[in-house]
Protein chains: 2
Amino acid sequence: MGTAIDHAEQAAEATKLLRGVGQRVTQPRVAVLAHILASGEDHLSAEDVLALVSEHDDRVHRATVYRTLDGLVAAGLLRHVHLDRGLTAYHLTDPPKAHGSPHLHAQCSGCGRVVDLPPDVLGDTAARVRTASGFVLDASHVALSGRCADCVSLADARTGEDT
Amino acid sequence: MGTAIDHAEQAAEATKLLRGVGQRVTQPRVAVLAHILASGEDHLSAEDVLALVSEHDDRVHRATVYRTLDGLVAAGLLRHVHLDRGLTAYHLTDPPKAHGSPHLHAQCSGCGRVVDLPPDVLGDTAARVRTASGFVLDASHVALSGRCADCVSLADARTGEDT
DNA sequence: GTTGTTGCAAATTGTTTGCACTGGT
DNA sequence: ACCAGTGCAAACAATTTGCAACAAC
């Protein structure tokens, strides 16, 4: 895979996106956004992003990555989900493949894998929650917990530990 | 409130519970469990529990509280929920008031408040998730995110920041 | 040239661990 | 007495912050 060329493309795209939301086009911001665009992954932790960026440019500081990610979320280009155990994962607001923007996430408490879920899996849960508690649900903000098929099979034998 | 007397009662109850699950009856374990029983609160962080215990006995170490809570979860006396931002909250498995044991939780992303939800709010979400992704849902393990009625009103004016 | 951004180092928060000692049974 | 359980200090991971140097506009 022609990393260099791809990266140039992604950098251009990143620049365009940053301009589009009226953010300054800085070295770290382009790097962060370009690598998120380039990585096939769609749920990256701040630390993941740092690792990706650092492969090509180790002058970008960890703190800057955190600040940049926050900024991109504020600008609406990214969203974040809180996973089990407190990790925060970032993904594009308008992802190429996924189920549309306010989609949900589920994380396997066994292996940590995260999957996207269509926005309508909850059915009329939101209505019931509002009735029961007055809460207005924002279910895309936290990943649901469960066990993926693989881990369920494993758990059958060794009825297991929780997160 | 007659704290001393209440506490003696709760300590007795705690001791009984510990014996019931075959755990050693130690000073810290009784203290932790008794304070959880005594506190009206039903969602306490480890740090909350430490604070409660330390009010009466400051020889119980933070690390012990963490280990004890884990132990009580393993023994089935407590459960834990992961809240937004990675905090862990503990509650009695068999709570006096709540909706039954595998109830759900929702946390307000504005004020952090946690409410219990009846176990059936999700409807047939679990079935849809299994179909869509193969995941077996364990929705009681992570709190759903939302805005409580109070915070929604506030958010109307100041369309606001996320967690 | 200003104002927003960054790098760095250090602080925070929540939680875990290694180890020598102690207390429950 | 024996071993599980505890206190302590230190390690940890993820994230945040104050501040001086710096780079976009």
Side-chain angles (χ1 to χ4, degrees), chain A residues 11 14-33 43-51 53-54 57-75 78 80-90 107 112 142-143 161-163, chain B residues 11 14-33 43-51 53-54 57-75 78 80-90 107 112 142-143 161-163:
Chain A
T15 302
K16 193 167 61 181
L17 287 169
L18 287 168
R19 289 242 157 77
V21 295
Q23 284 214 341
R24 282 197 180 186
V25 180
T26 69
Q27 205 52 192
R29 292 222 254 256
V30 173
V32 163
L33 194 42
H43 296 105
L44 297 164
S45 70
E47 222 62 34
D48 291 338
V49 173
L50 174 64
V53 169
S54 296
D57 181 353
D58 53 344
R59 280 163 304 186
V60 178
H61 192 87
R62 174 178 269 98
T64 302
V65 170
Y66 280 93
R67 285 188 281 228
T68 300
L69 289 170
D70 270 4
L72 296 175
V73 168
L78 300 183
H80 67 261
V81 204
H82 296 291
L83 305 182
D84 204 349
R85 287 259 340 170
L87 297 191
T88 302
Y90 296 84
Q107 185 186 29
V142 171
E161 36 272 275
D162 228 273
T163 311
Chain B
T15 302
K16 193 167 59 180
L17 287 169
L18 287 168
R19 290 241 156 78
V21 295
Q23 284 214 342
R24 284 198 179 184
V25 180
T26 69
Q27 210 49 200
R29 293 223 252 257
V30 173
V32 163
L33 194 42
H43 297 105
L44 297 164
S45 69
E47 223 59 37
D48 291 337
V49 174
L50 175 65
V53 169
S54 297
D57 181 353
D58 53 344
R59 280 164 305 186
V60 178
H61 191 87
R62 174 179 269 99
T64 302
V65 170
Y66 280 92
R67 284 188 282 229
T68 299
L69 290 170
D70 271 4
L72 296 175
V73 168
L78 300 183
H80 67 259
V81 204
H82 296 291
L83 305 181
D84 204 351
R85 286 257 343 168
L87 296 191
T88 302
Y90 296 84
Q107 185 186 29
V142 170
E161 37 271 278
D162 229 275
T163 309

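None of the values given here were measured: they were computed from a predicted structure.
- Chain A approaches DNA chain D within less than 4.0 angstrom (heavy atoms of the protein), and the contacting nucleotides run 5' to 3' from dA14(D) to dC25(D).
- In plain terms, the two heavy atoms of Gln23(A) and Ala75(A) that are nearest each other are NE2-CB, 3.8 Å.
- Expressed to the nearest 0.5 Å, how far CG of Leu78(B) lies from OH of Tyr90(B) amounts to 8.5 Å.
- The side chain to side chain donor-acceptor pair (under 3.5 Å) test applied to Arg19(A) returns no partner, not counting sequence neighbours.
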- Under the side chain to side chain contact (heavy atoms under 4.5 Å, CB included) criterion, do Val49(B) and Tyr66(B) qualify, and how do the steps go? CA-CA 9 Å; Val49(B) 174; Tyr66(B) 280 92; over 6 Å; no
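- To the nearest 0.5 Å, atoms CG (Asp84(A)) and NE2 (His82(B)) are separated by 4.5 Å.
- Between Val60(B) and Pro28(B), the shortest heavy-atom contact is CG1-CB, 4.2 Å.
- Among the protein residues, Arg67(B) comes within range of the nucleic acid bases, having at least one heavy atom under 4.0 Å from a base atom.
- Rounded to the nearest 0.5 angstrom, Lys16(A) NZ and Leu33(A) CG are separated by 11.5 Å.
- Once rounded to the nearest 0.5 Å, the distance linking OG1 of Thr88(A) with CG of Leu44(A) reads 12.5 Å.
- In terms of modelled atom types and a separation under 3.5 Å, the side chain of Asp48(A) and the main chain of Ser45(A) share a donor-acceptor contact.
- Residues Val32(B) and Arg29(B) are not in side-chain contact: their nearest non-hydrogen atoms beyond the backbone lie 4.5 Å or more apart.
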Please write out the pairs of protein N or O atoms and N or O atoms of nucleotides 9-15 of chain C separated by less than 3.5 Å, giving the distance to one decimal.
{"unit_1": "dT15(C)", "atom_1": "OP1", "unit_2": "Thr88(B)", "atom_2": "N", "d": "3.4"}
{"unit_1": "dT15(C)", "atom_1": "OP1", "unit_2": "Thr88(B)", "atom_2": "OG1", "d": "3.1"}
{"unit_1": "dT15(C)", "atom_1": "OP2", "unit_2": "Tyr66(B)", "atom_2": "OH", "d": "3.2"}

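- Panel note: side chain Gln107(B), backbone Leu83(B); no donor-acceptor pair is recorded below 3.5 Å.
- With rounding to whole Å, Leu50(B) atom CG is found 15 Å from dT16(C) atom C1'.
- Nucleic acid contact for Arg59(A): sugar-phosphate only, since backbone atoms but no base atoms lie under 4.0 Å from a heavy atom of the residue.
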- Task: Could you summarise the pairing of DNA chain D as dot-bracket text, marking Watson-Crick and G-U pairs under 3.5 Å with ( ) or [ ] inside the strand and | across strands?
- Result: |||||||||||.||.||||||||||
- Query: What one-letter contact string describes nucleotides 20-25 of chain C from 5' to 3', where B marks a base within less than 4.0 Å of any protein heavy atom, S marks contact via sugar-phosphate atoms alone, and - marks no contact?
  - Reply: ---BBS
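- The salt bridge (charged side-chain N to carboxylate O under 4.0 Å, His left out) check on Asp57(B) picks up Arg59(B), with sequence neighbours excluded.
- For the pair Leu18(B)/Leu72(B), a side-chain contact is recorded, criterion being any heavy-atom separation below 4.5 Å from C-beta on.
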